[in-house]
Amino acid sequence: MSSELFHQPITALAAALEAGTLSAVELTGAVIARTKAVEPAVHAFNSHDEAGALAQAAASDARRAAGQGRGALEGIPIGLKDVIAVAGQPLTASSRMLANFVSPYDATVTMRLKQAGAVLWGRLNCDEFAMGSSTENSAFGPASNPWDVTRVPGGSSGGSAAAVAAGEAIATLGSDTGGSIRQPAALCGVVGLKPSYGLVSRFGLVAYASSLDQIGPFARTVEDAAMVLGAIAGHDERDSTSFRAEIPDYRAELRARRGPWKLGIPREYFGDGLDPAIGAAVEKAIAHYRGLGCEIREVSLPHTQYCLDTYYIIATAEASSNLARYDGIRYGHRAQGARDIVDLYFKSRAEGFGAEVKRRIILGTYVLSSGYYDAYYLRAQKVRTLIRQDFLNAYREVDALITPTSPIPAFKLGEKSDPLAMYLCDIYTIGVNLAGLPALSVPCGFTGDRLPIGLQLIGQPFREADLLAIAQAYERDHDWKTQYPAL
Amino acid sequence: MTSVTQPLSPPYEAVIGLEVHVQIKTASKVFTRVATGYGYEPNTLTDPVVLALPGALPVMNKAALDAIIKAGLLLGCDIAPVCKWDRKNYFYPDSPKNYQISQYDMPICLGGAVEIELPGAARNVMGEHKEIPLTRIHLEEDVGKLNHGAGDSLVDYNRAGTPLMEIVSEPALRSAEEAYAYLTSLRATMIYGGISDCDMEKGQLRCDANISIRPVGQAALGTKVELKNLNSISYVRDGIAHEIKRQIGVVERGGVIAQETRDFDGMTGTSQSLRSKEEAHDYRYFPDPDLMPVQVDAAWKDRLRAECPELPFLKQRRFLADYQLPYTLTSVLVWDRALADYFEEAVKLAGVAKAQTIGNWIVNDLLRELGTAKIALVAAKIRPAHLVALVGLVDSGAVLANAAKEIFVEMFATGDQPQAIAERRGLKSAPTDRGELEQWCRDAIAGNPKAAAEFKAGKESAINAFKGPVMKASKGKANPKLVDETLRRLLAAS
């Protein structure tokens, strides 16, 4: 295990902080120093505030000294994707449109992290408005993969994944609409969890596709992810789609749940386009579970072939409406020299949005248009129901599903110029969002080029505790988590 | 749709449907906790949700849903089992999200009707009643307000997010008068239910009208014109009357009615075209993914039904039947719920036999004093018990009618009991000295033997000839009842 502070898991750091052998100021200082050292190569952050982070760390140390430590994340530096609101900090969504916007309020997850004692550290790079799979759609330049800085970290939460992999934060939050936590987690070799839809409040999350978006953690270990999830999960009266669920102590539950489990292998997730090295790594992981006494069954999710189409209708329809508020009237980019109000809308949005965002707004506007709604949006919602039903049918036989997270490892920056090729990066992750399920990616090896591989575990609605335990059963017996990129 | 290309012989009939927007009176906005209000500093009633800041989410205000369900129950609508929300997408600076949260294919209220009364043959005669069927009522959020300056336009989002009901009638109205009666009745219903104050000056009630004409007897509808900006009930009547006339004029000159939206200027009584049908929006409605559908079960509806008041027309029928009041009196009393309640409280104390007397006091004296003082009934110091006490004093002969009027004014101003005012101001009638009264009566009879003879011959009214002199002698303080009795006794004995 690396002796570097910035590579340690939360569990170890929290113990050291509690024991008094480490201060939050020391830890935050180490993370800041590491960030300064590697950030020119990684570009995981859109912005950060060193003085602010150190002040939070000092406050944390003072609380702890006074016996008033707040919670499980007391003193732990945690980064937030730049789509999650923090009062007084920039909230850009990696868009020119919001380049100068400062949020006047905290997202619910932000408040909960503060309540858990976390040191909020930096605004993490991502694809513009969380649209993309490589972080190349950021208006402020792409982030790089710490394992090979000529390659993408995945996306849209690429900065969140890269920061954890590079030791620029101990854990981070991202958002996942079609795979935006799990795919970059896989490509960067960290743990990434997308919770069940409704488990974590979306209040304060810049909306991309409201019925699919979920906030979730990136961390070095499954146990760390469980700790961050425990801090941010739970009902929020400011989000009507938030679920009234009893939130267990996820970390304690890890010890309570030991399997063996019945695990399903959806045959549709192992078809053409899957990189052989990834396929082999996943097969080995499956064999490992079998070795642990788990029953492995092949299952079918027959509507899988419709996931991508369904997603790009529903997500873009919602996005076209969600992004209508960025009009240059109340805040955000406003074009100069507009002739009238319509011209102001056209110019401000033409200048403020990047190509992928415009493409999705146009697509979404089209599928909602009079005369097309029934054929596209309504039909897609029906297919969505069938896709969810596929999963629920599978869960009559098995406890969770095992798949690759991404069909391919990290690709070169600029390699995928065709949007449709980029969309295929999410073929294994998108169904989970359409079905509202929890899923995570846990490292399961490397390709021949030393690029990380992710194993996706898909769980049952609101049974994150089981999902985390299943993931940890694999993680416990492998040392992927103690391997670090050479930066 | 039919296009009228040749002059058709009158008579024409108008076909009118109204879209009425009513702001619901809730303490906070429909999707966030910020207060609602009118007349505040611009953009002070805002928060991240109202301003549609990145990441803000709506949460439904249950009080707004309560209010619209109540409105639906009052108007006899079917209440949908589920309250579902849709987004209506369009760009305009008064709409912070550039979509409005509304209800598209599943309005919370379907059907129902507004009962209206048309003007009667005379003021004191009840007019014809009609039921104007409703298509739907749905809930949505109000938008902000644009203030256009010389070089720029400013937006005030204080109004944005105020809960707003859209009440859509069937095209069942046939005249400007019917539209006027419809709005009057609808407004009273909303005020009665405590749903809105419906102050049109504050934009709490706004009305658009869809108007077409067709030859009487033709079943097909003519091309409709939407009339906007009808911002008082009189403007609704004037605007519709003007539009009907305009359309008949166009048709009679051989023209064709264009489907368009027109803006009515109440000051000049004219209208001008705002936009034609071709520019109509595609609102791209779809279910709002931020808001979960809300189930409205029977218990919820029952609770609200129990809060529903008796509506004005039902009350009027009851007042006519139970209190035998004249129509004119009821048509003043029932349209103001507080006034009607005041009346009934007084009648409860005084007895049904006194209903008309009390009604007259309220309609003539109380309303006059409230108007002069410019205060609402709830703020008046004079309570029903005061009025009943005053009526009692008049009945017993303790005060005279004229004195009672004076007492009323002071009672309104001070809230003192009428007995106390009468004593303080020396307004009590009836000299207790019977001898003195009897002497005045004797003098009066003696002074007019002709009338005395006529009375004895059976001319009942002749007795009045003696009353004037008696009252004059008493300086107006004699109890008329006692005077009458004394005169009759003396005349019979003479």
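In the text below, chain A, chain B and the rest are named by the order of the sequence lines, each starting its count at 1. The structure presented is a predicted model; accordingly, all values stated were derived computationally and were not measured.
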Review point. Are B:Arg33 and A:Glu237 within salt-bridge range, i.e. N to O under 4.0 Å?
Key: yes
Review point. Is chain B contacted by the side chain of A:Leu323, its backbone, both, or neither, given a heavy-atom distance below 4.5 Å?
Key: neither
Check your understanding: Given a strict heavy-atom distance threshold of 4.5 Å, which part of A:Ala317 is in contact with chain B: side chain, backbone, both, or neither?
Key -> backbone
Practice item. Enter the distance from B:Ser153:OG to A:Ile329:CD1 here, rounded to the nearest 0.5 Å. Key: 9.5 Å
Practice item. Identify which part of A:Asp213 has an atom lying under 4.5 Å from any heavy atom of chain B, answering side chain, backbone, both or neither. Key: neither
Check your understanding: Is any side-chain heavy atom of B:Tyr99 less than 4.5 Å from a side-chain heavy atom of A:Arg325?
Key -> yes
Exercise for review: Return the option, out of B:Leu57, B:Leu51, B:Val59, with the maximum number of heavy-atom pairs under 4.5 Å with chain A.
Suggested key: B:Leu57
Check your understanding: Roughly how far, to the nearest 0.5 Å, is the OH atom of A:Tyr105 from the CG atom of B:Asp47?
Key -> 9.5 Å
**Study point:** Atom group of A:Tyr197 that falls short of 4.5 Å from chain B, counting heavy atoms
**Key:** side chain
Point to revise | Option that, when pairs with chain B are counted at under 4.5 Å, heavy atom only, ranks first among A:Gly204, A:Ser211, A:Ala85, A:Ala209 | key: A:Gly204
Practice item. Find the distance between CD1 (A:Ile314) and CZ (B:Phe286) and round it off to the nearest 0.5 Å. Key: 10.5 Å
**Study point:** Portion of B:Tyr283 that has a non-hydrogen atom of chain A nearer than 4.5 angstrom
**Key:** neither
Exercise for review: Select one option (side chain, backbone, both, neither) describing which atoms of A:Ile341 are under 4.5 Å from chain B's heavy atoms.
Suggested key: side chain
Revision key, fill the gap. If one checks every heavy atom of A:Gln381 against chain B at 4.5 Å, the contacting part turns out to be neither
Practice item. Name all residues meeting the side-chain contact (heavy atoms from CB on, under 4.5 Å) criterion together with B:Ala63; count only those two or more places apart in sequence or in a different chain, and write none if there are none. Key: B:Thr26, B:Asn61
Point to revise | Residue-level interface, residues 330-339 of chain A with chain B, non-hydrogen cut-off under 4.5 Å | key: A:Arg330, A:Tyr331
Review point. Would you say A:Ser240 and B:Phe31 make side-chain contact, with heavy atoms under 4.5 Å?
Key: no
Practice item. With sequence neighbours left out, write down each residue that passes salt bridge (charged side-chain N to carboxylate O under 4.0 Å, His left out) with A:Arg96, or none if nothing qualifies. Key: none
Point to revise | Min side-chain heavy-atom separation B:Pro54-A:Leu98 under 4.5 Å | key: yes
Review point. In residues 357-372 of chain A, which residues are in contact with chain B at a heavy-atom separation under 4.5 Å?
Key: A:Thr365, A:Leu368, A:Ser369, A:Ser370
**Study point:** Nearest-0.5 Å distance, CG of residue A:Asp239 to CE of residue B:Met292
**Key:** 8.5 Å
Point to revise | From CZ (A:Phe346) to CZ (B:Phe91), nearest 0.5 Å | key: 9.0 Å
Review point. About how many Å separate OG of A:Ser321 and NZ of B:Lys88, when rounded to the nearest 0.5 Å?
Key: 13.5 Å
